[in-house]
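Just so you know, ligand 1 is whichever comes first in the structure, and atom 1 is the first atom listed for that ligand.
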Amino acid sequence: MQRILVTGGAGFIGCNFVHYIMGHTPLHVTVLDKLTYAGNLNSLSGLPAERFEFVHGDICDATLVESLIARTDAVVHFAAESHNDNSLKEPRPFVDTNLVGTFTLIEAARRHGTRFHHISTDEVYGDLALDEPRRFTEESVYRPTSPYSATKAGSDMLVRAWVRSFGLRATISNCSNNYGPYQHVEKFIPRQITNILDGIRPRLYGQGSNVRDWIHVEDHSAAILAILEHGEIGETYLIGADGELPNRIVVEKLLLQMGQPTDAYDLVTDRPGHDLRYAIDSSKLRRDIGWQPRFVDFDAGLAATVSWYKDNEDWWRPQKAVTESDYAGQGH
Ligand code: NAD
Ligand code: DAU
């Protein structure tokens with residue numbers, strides 16, 4: 001394997017993965033990205049031209065996809081519409097990119113016999129009760145609840161069917177909530193950090209009791225590379241770092257770290273259909289592939305993320321006003 005195609009490489013996890021690949025392998029990387037509101041070329045600046053190429057385009061463009069996959073050894077597919085709140089407002093782009101886009105890529109990959117890794121989410125399994133001991137495993141039943149998670153679930157099913165029916169050489173990973181640098185300010189942690197920096201009180205949906213299972217984005221990147229190199233074709237791997245926390249606790253940690261009273265937040269209108277709790281059991285990945293998370297101290301990872309947003313206002317400032325104005329329109 002010498003050349004990989006990374007779709008959605010100008011987004012949050014995609015760009016972190018590209019930086020990780022540049023630092024940990026000799027691979028050549030081509031990024032294919034449409035540069036939607038969530039894509040940012042500044043996240044990819046400074047990469048060596050002899051090992052990196054950026055292609056501006058849509059994963060639904062079959063001609064473009066065909067020409068890129070013809071000259072690649074493996075595809076790592078991140079490109080997606082990724083935000084639940086947006087999917088409740090306007091689901092159509094989620095159907096187009098997450099379903100039709102994935103279909104377009106796997107059709108080309110099967111024609112060329114190209115190794116394919118599909119990036120997905122724990123949200124395909126629906127949610128768990130706050131008080132039950134159960135966590136998601138690879139055997140959990142698919143029960144998506146939002147337009148976002150339904151289209152991600154559908155894309156997983158397409159990949160599984162292409163493995164079985166056409167021999168597509170694919171693996172799938174379903175990861176929990178990522179945090180770290182280069183995350184769009186629409187998402188929970190960067191939204192609250194940049195709100196506090198701007199003197200706006202953090203906004204918690206509902207009572208702030210929903211639980212998310214946090215993993216540092218660099219641990220996600222390491223897991224993906226390990227699956228690409230050592231994963232078994234046709235297998236699904238859940239990625240998680242045992243990072244369950246209620247949203248209210250995360251906001252209190254941020255307020256404390258940023259020198260504010262820990263109750264200086266507001267409760268706002270809940271997200272319709274808001275999933276209660278996600279929790280990942282990543283035993284299979286740890287046992288079969290030997291992956292372990294490195295960022296096990298959440299407070300330290302959060303502090304580093306706060307510092308990154310303090311130091312990189314030029315990166316996030318252009319997104320902030322329009323994002324907050326969108327949220328105001330939704331009562332959040
Ligand atoms: P993001 O929204 O930050 O980035 C998505 C990227 O895809 C952007 O650069 C965007 O321009 C690009 N894109 C969108 N539509 C496209 C199209 N039609 N053609 C080409 N490029 C297109 O998303 P993210 O948070 O980095 O998520 C990346 C992937 O990881 C997604 O598949 C998501 O479902 C999955 N995932 C995310 C998380 C998380 O916590 N963020 C957790 C688990 C899985
Ligand atoms: O679990 C993986 C998923 O995590 C990914 O598949 C998605 O792409 C990613 O966006 C994320 O989905 P969530 O809906 O969990 O993430 P979000 O950052 O939107 O919200 C995290 C939690 O915080 C959720 O319970 C809603 C809540 N929230 C969010 C925002 C933006 C708030 O309480 N206040 C807010 O302002």
Side-chain angles (χ1 to χ4, degrees), residues 6-17 31-41 43-44 55-61 64-65 76-88 93-94 96-98 100-102 104-105 118-125 127 136 144 146 148-149 151-152 155-156 173-180 182-192 195 202-215 217 220 224 238-240 245-248 250-251 265-271 274-280 323-324 327 330 332:
V6 175
T7 72
F12 164 47
I13 308 178
C15 80
N16 276 285
F17 179 73
V31 163
L32 169 60
D33 198 293
K34 189 178 172 180
L35 296 179
T36 67
Y37 79 96
N40 190 337
L41 261 187
S43 308
L44 294 168
V55 177
H56 184 199
D58 192 329
I59 57 168
C60 300
D61 178 343
L64 175 62
V65 162
V76 185
H77 173 36
F78 294 92
E81 287 293 337
S82 70
H83 194 38
N84 276 297
D85 290 318
N86 292 344
S87 83
L88 295 162
F94 290 74
D96 291 339
T97 289
N98 300 358
V100 180
T102 301
T104 308
L105 290 164
H118 178 61
I119 306 295
S120 193
T121 168
D122 57 1
E123 295 192 20
V124 299
Y125 301 115
D127 61 355
F136 299 134
S146 74
Y148 163 67
S149 55
T151 56
K152 290 299 291 187
S155 68
D156 292 11
S173 56
N174 298 75
C175 189
S176 59
N177 285 62
N178 286 217
Y179 74 99
Y182 300 108
Q183 187 168 29
H184 194 281
V185 294
E186 70 188 356
K187 302 295 192 322
F188 179 55
I189 287 179
R191 183 183 187 205
Q192 313 311 346
N195 273 358
R203 306 272 157 88
L204 278 168
Y205 295 176
Q207 296 303 308
S209 51
N210 301 60
V211 170
R212 295 295 182 264
D213 188 355
W214 294 100
I215 180 173
V217 65
H220 190 184
I224 296 164
L238 263 55
I239 307 174
L245 282 174
N247 295 334
R248 189 176 41 76
V250 175
V251 159
Y265 56 79
D266 290 324
L267 300 177
V268 297
T269 322
D270 207 354
R271 173 185 283 172
H274 195 175
D275 283 343
L276 278 177
R277 170 177 161 247
Y278 307 137
I280 290 262
T323 303
E324 285 308 314
Y327 274 132
Q330 296 169 48
H332 299 323

- Do any N/O atoms on Asn177 end up under 3.5 angstrom from N/O atoms on ligand 2? yes
At less than 4.0 angstrom from any non-hydrogen atom of [X], what atoms of ligand 2 do you find?
{"X": "Glu123", "value": "1 (O), 2 (C), 3 (C), 4 (O), 5 (C), 6 (O), 7 (C), 11 (C), 12 (O), 13 (P), 14 (O), 15 (O)"}
{"X": "Thr121", "value": "1 (O), 2 (C), 3 (C), 5 (C), 6 (O)"}
{"X": "Tyr278", "value": "1 (O), 15 (O)"}
{"X": "Tyr148", "value": "5 (C), 6 (O), 7 (C), 8 (O)"}
{"X": "His83", "value": "19 (O)"}
{"X": "His274", "value": "24 (C), 25 (O), 26 (C)"}
{"X": "Arg203", "value": "32 (C), 33 (O), 34 (N), 35 (C), 36 (O)"}
{"X": "Gln192", "value": "34 (N), 35 (C), 36 (O)"}

Applying a 4.0 Å heavy-atom criterion (strictly less than), which segment of [X] is in contact with ligand 2: side chain, backbone, both, or neither?
{"X": "His332", "answer": "neither"}
{"X": "Lys187", "answer": "both"}
{"X": "Asp122", "answer": "side chain"}

For [atom], which candidate among [options] holds the nearest heavy atom?
{"atom": "atom 20 (C) of ligand 1", "options": "Lys187, His56, Glu123, Lys34", "value": "Lys34"}
{"atom": "atom 18 (O) of ligand 2", "options": "Tyr205, Tyr265, Phe188", "value": "Phe188"}
{"atom": "atom 14 (C) of ligand 1", "options": "Ser149, Cys60, Gly8, Ala80", "value": "Ala80"}

- Query: What do you reckon, does Asn178 have a nitrogen or oxygen under 3.5 Å from a nitrogen or oxygen of ligand 1?
  - Reply: yes
Checking a contact table here: which protein heavy atom is nearest [atom], and how many Å away?
{"atom": "atom 2 (O) of ligand 1", "result": "Ser82 OG, 2.7 Å"}
{"atom": "atom 9 (C) of ligand 2", "result": "Ser82 O, 4.0 Å"}
{"atom": "atom 27 (C) of ligand 2", "result": "Asn247 ND2, 3.5 Å"}
{"atom": "atom 19 (N) of ligand 1", "result": "Ile59 N, 3.0 Å"}
{"atom": "atom 36 (O) of ligand 2", "result": "Arg191 NH1, 2.7 Å"}
{"atom": "atom 11 (O) of ligand 1", "result": "Asp33 OD1, 2.6 Å"}
{"atom": "atom 38 (C) of ligand 1", "result": "Ile13 CD1, 3.5 Å"}
{"atom": "atom 15 (O) of ligand 2", "result": "Arg212 NE, 2.7 Å"}
{"atom": "atom 32 (O) of ligand 1", "result": "Lys152 NZ, 2.6 Å"}

Counting only heavy atoms closer than 4.0 Å, does ligand 1 sit against the backbone of [X], its side chain, both, or neither?
{"X": "Tyr148", "result": "side chain"}
{"X": "Leu35", "result": "backbone"}
{"X": "Ser176", "result": "backbone"}
{"X": "His83", "result": "neither"}

- Can you list the steps and then say if Asn210 with Asp127 is a side-chain hydrogen bond (donor to acceptor under 3.5 Å, both in side chains)? CA-CA 10 Å; Asn210 301 60; Asp127 61 355; over 6 Å; no
- Item | Whether Asp213 side chain and Ile280 backbone form a donor-acceptor pair below 3.5 Å | yes
- Give a yes-or-no answer on whether the side chains of Gln192 and Tyr265 include a donor-acceptor pair shorter than 3.5 Å. no
For [X], state whether at least one heavy atom is located under 4.0 Å from any atom of ligand 1.
{"X": "Thr7", "answer": "no"}
{"X": "Gly57", "answer": "yes"}
{"X": "Pro93", "answer": "no"}

- Task: Could you tell me how the ring of Tyr205 sits relative to the ring of Tyr327: parallel (under 30°), tilted (30 to 60°) or perpendicular (over 60°)?
- Result: perpendicular
- Could you tell me how the ring of Tyr278 sits relative to the ring of Phe136: parallel (under 30°), tilted (30 to 60°) or perpendicular (over 60°)? tilted
- Item | Interatomic spacing from CG in Leu88 to NE2 in His274 - rounded to 0.5 Å | 10.5 Å
- Note on the structure: Here the pair of heavy atoms bringing Pro246 nearest to Ser209 is CB-O, 4.1 Å
- Note: Val124 and Lys152 closest approach over all heavy atoms is CG1-C, 4.0 Å
- ligand 1 atoms nearer than 4.0 angstrom to some heavy atom of Asn177 are 40 (O)
- Message: Looking only at the aromatic ring of each residue, does the gap between the centers of His83 and Tyr148 stay below 6.0 angstrom?
- Response: no
- Message: Please confirm whether Glu186 approaches ligand 2 to less than 4.0 Å, judged on its heavy atoms.
- Response: yes
- Work out whether the distance between some heavy atom of Arg271 and some atom of ligand 2 is less than 4.0 Å. yes
